[in-house]
Engineer: 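I'd like to ask some things about the structure below.
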Amino acid sequence: MCGIFGCILKEGSAAPLIHSSLKRLEYRGYDSVGIATISSGKIHMKKDQGKIDEVHKILDLDNLPGKIGIGHTRWATHGAPLKINSHPHTDCRGEIVVVHNGIIENFMELKSELQNLGHTFVSKTDTEVMPHLIEEMLKQNPKLTLEQAVMESLKRIDGSYAFAIISTREPDKIICARNESPLVLGINGKDVFCASDIPAFLEVTNKAVMINNYELVILTADGYSIKKIPDGRIIERAPIVVDWTAEMAEKRGYPHFMIKEINEQPQTLRNTLRIQDHYLDLLSTFLDRANEVFLVACGTSYHACLAASYMFSKLAFLPTFPVYASEFLEQCGKSVNIDSTILAVSQSGETADTIGAVTCAQQRAATVLSLTNVIGSTLTRVSRVYIGTQAGPEIGVAATKTFTSQLSVLAQLALKLAIKRGKISQDEMDLLEEQLQNIPEYVEHIVATQEEKIKEIAKKYAKSKVFFFLGRGISTATAFEGRLKLMEIAYIPSIAFPAGESKHGPISLIEEGFPVVFVCPQDDTHKTIIGNIMEMKARGAHIIAVVEEGDENIKALADEYIEVPKGIPTILSPIPFAVPLQLLAYHTALEKGLNPDMPRNLAKSVTVK
Ligand code: F6R
């Protein structure tokens, strides 16, 4: 996730407006900032790593000439958060200038093709292929207009993008394009704007034009024209009036960041499917060679590790040890050695307990691998290899989209390892790969079809004193996560166990009307979980079951049920099954009049031990 902004003004200079608009997009990332303008046929550019205010103090971002310009605030994905990787990026001659939000999947192929044609790259980003591609198109066919060269270049790009492009060749326009990454235009009868999100221009206009996938836009001082990619067909689209406040707009109309982030999951999961294969390959090679693998994390990230231990075992026949980071030193510290491998998982990459565990492992010469959502965080700096989980900044304190992104990456890693170890047939592999691609759509479907029902359940049970969450196998991790979400934002004491363990003590708590949430995918545990449901029912528990569509057996037993699409492979089930539990926690918190974005006593990043 990054924020892009561009504007063409009739009067005044563009840079101060780009600067203030980028500030409103800073929630999308703040690893670096850059602005480029055109004046007197020349590009003027300032960029550096760091938050916008920090960079402005040193560079004075307002001090660039010209009425036309583009800007970018970065959330690093490809390339560390350094000045060299900051946007905008240019072609070899510095005449074509590009800002980008998204991931160019085939950038490695394009980059080596362009390098073979003599192009010089200065950054490690995927974005930099775009200005060079446009340059190459224009070199090969000098008769092309900028718009045509961009269109031809887009035909070569696989992946997600919102681009804004300026060039000295046609200094009076901005060309933008969108596929999957958000792009919206603003107009006010005088000036024109393009941005990742409406808040960027809400101070200057409330008239917006939404841009759809595979659309290219030509912005000039006279207005905008939208064309379809790749055929250039003209699309007429009138502006809409947005009646949001700036704060509402930052949440894209959602009342809370948490629900916005729950709704972002189809997109963030799609992003995880774009992770470069060679990172998965490298990480799985380390795992394959390891003598023993510890999966280390805290809170929600620990639940992802717990699920991963089932994924690695079931798919790749690799036993792993999930360990709470805060316990790692005591539990495993002495046994860690040069043959140990630590896979640390952390959204923030800054959690003190996780960093502490990793440091201890490093001191004992173990190999440290990691998954984190924040490239450039401490964890990325201390890891031998890391993968970014591509969820974009998460603002709600309760982890939601970062959890499902972690699970998606871990499942891909387990799959890669299974292939490497020859533990999976071609048919199984094809099926899993296909199912992984379907998961974002399943999550979209769950939110669209189940939220109203979940609201009703939340209303009915919000006054409960205690909740139980039970699952078997990999769904134990989902149950643990459902419990944590409800507890941390709705303040309802909750208990989670593997369903089999519930008989060894916890069942004594059950009284008439006690809500018990069962996570019930149609996997090998299905028959046994029915037994566990019966045991709870017999003692008066109210059963809230999360089931696959068409699971009539459990639906008949449950007092309430929430459905997810059917046919989900076991190792992927925590992703769709976690989503209803996120919604349950969110709506229960609302029922109780609580603000789910700011649970008491908690912080987004826990940097103390
Ligand atoms: C719960 C939650 C926390 C974090 C935990 C670890 O919703 O967000 O439990 O998962 O503090 O944080 P990271 O993943 O940043 O290491």
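First listed ligand is number 1; within each ligand, the first listed atom is number 1. FYI, side chains are in, hydrogens and waters are out, and symmetry mates aren't considered; it's all heavy atoms of this structure. If you're wondering where the values come from, they're calculated on a predicted model, not measured in any experiment.
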Engineer: Do ligand 1 and V345 have nitrogen or oxygen atoms that lie under 3.5 Å from each other?
Structural biologist: no
Engineer: I'd like to check which ligand 1 atoms, numbered from 1 as shown, lie under 4.0 Å from a non-hydrogen atom of K485.
Structural biologist: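 Near K485, the atoms of ligand 1 are 1 (C), 7 (O).
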Engineer: Just wondering, more than 12 heavy atoms not from K124 lying within 6.0 Å of its NZ?
Structural biologist: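 Result for NZ/K124: open.
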Engineer: Hey, is ligand 1 close enough to Q406 that some N/O pair sits below 3.5 Å?
Structural biologist: no
Engineer: Can we say D31 and K51 salt-bridge, meaning some charged N sits less than 4.0 Å from an Asp/Glu carboxylate O?
Structural biologist: no
Engineer: We want to know whether Q582 and T400 form a side-chain donor-acceptor pair, criterion being a heavy-atom distance below 3.5 angstrom.
Structural biologist: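 Side-chain D/A pair, Q582 to T400: absent.
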Engineer: Calculate, to the nearest 0.5 Å, the distance between atoms CG and CD belonging to L269 and E444 respectively.
Structural biologist: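 CD of E444 is found 10.0 Å from CG of L269.
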Engineer: Could you give the distance from CG (L572) to CG (L410), rounded to the nearest 0.5 Å?
Structural biologist: 11.5 Å
Engineer: Check ligand 1 against E488 and write out every atom of the ligand that is under 4.0 Å from a heavy-atom position of the residue.
Structural biologist: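 Counting from 1, the qualifying ligand atoms are 1 (C), 7 (O).
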Engineer: Quick check on contacts: which atoms of ligand 1 are under 4.0 angstrom from a heavy atom of V397?
Structural biologist: 8 (O)
Engineer: For T354, is at least one N or O under 3.5 Å away from an N or O on ligand 1?
Structural biologist: no
Engineer: H72 vs H87 aromatic rings, parallel, tilted or perpendicular, using cut-offs 30° and 60°?
Structural biologist: parallel
Engineer: For G299, counting its heavy atoms only, list the atoms of ligand 1 lying under 4.0 Å from any of them.
Structural biologist: 9 (O), 10 (O)
Engineer: Numbering the atoms of ligand 1 from 1, which are under 4.0 Å from a heavy atom of S301?
Structural biologist: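 Reading through ligand 1 atom by atom, the close ones are 10 (O), 13 (P), 14 (O).
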Engineer: Centroid separation under 6.0 Å, is that true for the rings of F480 and F469?
Structural biologist: no
Engineer: C298 heavy atoms, cut-off 4.0 Å: which ligand 1 atoms fall inside?
Structural biologist: 5 (C), 6 (C), 10 (O)
